[in-house]
Amino acid sequence: MKTRNLILTAALLMVGSWAGDLLAQENLNALMKKCESMEKVNVDVIYDKDRKTKKPVKEVITITFSRKDNPKLLDEFLDAFRKDKEAAYKVMESKTDGKVMPSFYRFAAGSSDISFSLEYMLRNEEIQITKIERFNFKEESEWG
């Protein structure tokens, strides 16, 4: 009886940690999805597959918008970055105009590695958010 309970507890912990990984960047993912149907927001997608197996290797999604056309969208992204920050294993931020801005967040989700970057171009007030998801990722080095 004790062995069965121990195995059940271990299984639940493993499933819970796996589900937690998948939800790590849920706010950023939801906002990226929302942007796909918005007007005056450009969405570029690149799918990269292995030549031999045809399995996905990498997916790159870039969202570009003008702060002038979508004044609240940047604040929504900053809020999403803030909410998902604790789950990121690598965080880079910078201060722009007295405001802390996320530059790069990296998450682990199962065997995938997901990174989000935000670039704010002052000259034309354009914002670019890029999501890169690498599937079956094996980190070879600290900088990989």
Side-chain angles (χ1 to χ4, degrees), residues 5-144:
N5 288 339
L6 184 61
I7 292 171
L8 182 60
T9 302
L12 287 173
L13 285 173
M14 287 182 355
V15 169
S17 69
W18 179 73
D21 283 345
L22 295 178
L23 297 175
Q25 66 286 341
E26 68 179 318
N27 296 291
L28 287 165
N29 280 338
L31 194 50
M32 295 286 282
K33 194 74 171 159
K34 174 184 170 183
C35 286
E36 291 176 8
S37 62
M38 292 179 68
E39 290 186 23
K40 298 186 179 183
V41 174
N42 295 329
V43 179
D44 297 308
V45 181
I46 300 170
Y47 298 103
D48 190 10
K49 293 183 179 181
D50 183 280
R51 283 181 169 183
K52 294 175 186 168
T53 65
K54 304 297 185 212
K55 290 184 179 181
V57 176
K58 182 172 35 173
E59 177 182 277
V60 180
I61 301 172
T62 302
I63 305 285
T64 308
F65 62 93
S66 167
R67 191 165 185 191
K68 185 174 30 175
D69 294 334
N70 293 294
K72 294 183 180 180
L73 192 54
L74 176 60
D75 290 334
E76 288 182 53
F77 267 107
L78 293 177
D79 189 47
F81 271 101
R82 183 183 51 75
K83 287 178 180 176
D84 291 342
K85 180 179 180 177
E86 198 61 38
Y89 74 86
K90 189 176 283 188
V91 174
M92 293 171 52
E93 297 177 325
S94 60
K95 201 169 193 178
T96 304
D97 292 336
K99 194 176 207 177
V100 175
M101 302 284 279
S103 300
F104 180 83
Y105 282 23
R106 193 173 216 172
F107 303 88
S111 63
S112 293
D113 181 78
I114 302 167
S115 62
F116 287 86
S117 62
L118 183 144
E119 185 178 353
Y120 181 62
M121 293 159 267
L122 290 172
R123 66 184 177 282
N124 58 1
E125 290 196 38
E126 212 171 63
I127 291 92
Q128 187 172 59
I129 291 92
T130 302
K131 173 187 175 185
I132 300 173
E133 184 168 1
R134 295 183 284 182
F135 305 98
N136 296 318
F137 179 73
K138 294 177 184 79
E139 191 162 357
E140 291 141 15
S141 73
E142 183 178 317
W143 307 102

For Asp79, what residues pass the side chain to side chain contact (heavy atoms under 4.5 Å, CB included) criterion, not counting sequence neighbours?
Arg82, Lys83

Give me each pair satisfying salt bridge (charged side-chain N to carboxylate O under 4.0 Å, His left out) with a member in residues 34-51, each pair once, sequence neighbours excluded.
Lys33-Glu36, Lys34-Glu76

From CD1 (Ile132) to CZ (Phe104), nearest 0.5 Å
7.5 Å

Are Leu73 and Val41 close enough that some pair of their side-chain heavy atoms sits under 4.5 Å apart?
yes

Smallest separation among heavy atoms of Ser112 and Phe135, with atom names
OG-CD2, 3.6 Å

Sequence neighbours excluded, the answer for side chain to side chain donor-acceptor pair (under 3.5 Å) partners of Lys85 is Glu93

Those residues at least two apart in sequence (or on a different chain) that pass salt bridge (charged side-chain N to carboxylate O under 4.0 Å, His left out) with Arg67 are none

Where is the tightest heavy-atom contact between Asp84 and Leu28, given as atom of each residue plus distance?
OD2-N, 2.8 Å

From Leu78 atom CG to Leu118 atom CG, the distance as rounded to the nearest 0.5 Å
6.5 Å

Residues at least two apart in sequence or cross-chain that pass side chain to side chain donor-acceptor pair (under 3.5 Å) with Ser117, listed by chain then number, are none

Do other residues, nucleotides or ligands put more than 12 heavy atoms under 6.0 Å from Met38 CE?
yes

Rounded to the nearest 0.5 Å, what's the gap from CD on Gln25 to CE on Met32? Could you check?
11.0 Å

Find the distance between CD1 (Ile114) and CD (Glu59) and round it off to the nearest 0.5 Å.
9.5 Å

Applying ring-ring contact (aromatic ring centres under 6.0 Å, His included) as the test, list every pair that has at least one member in residues 44-83; sequence neighbours left out.
Phe81-Tyr105

Would you mind listing every salt bridge (charged side-chain N to carboxylate O under 4.0 Å, His left out) that reaches into residues 115-128, with sequence neighbours excluded?
none

Closest contact, heavy atoms only, Ile63 versus Cys35
CD1-CB, 3.7 Å

Using the test salt bridge (charged side-chain N to carboxylate O under 4.0 Å, His left out), find all partners of Asp75 that sit at least two apart in sequence or belong to another chain.
Lys99

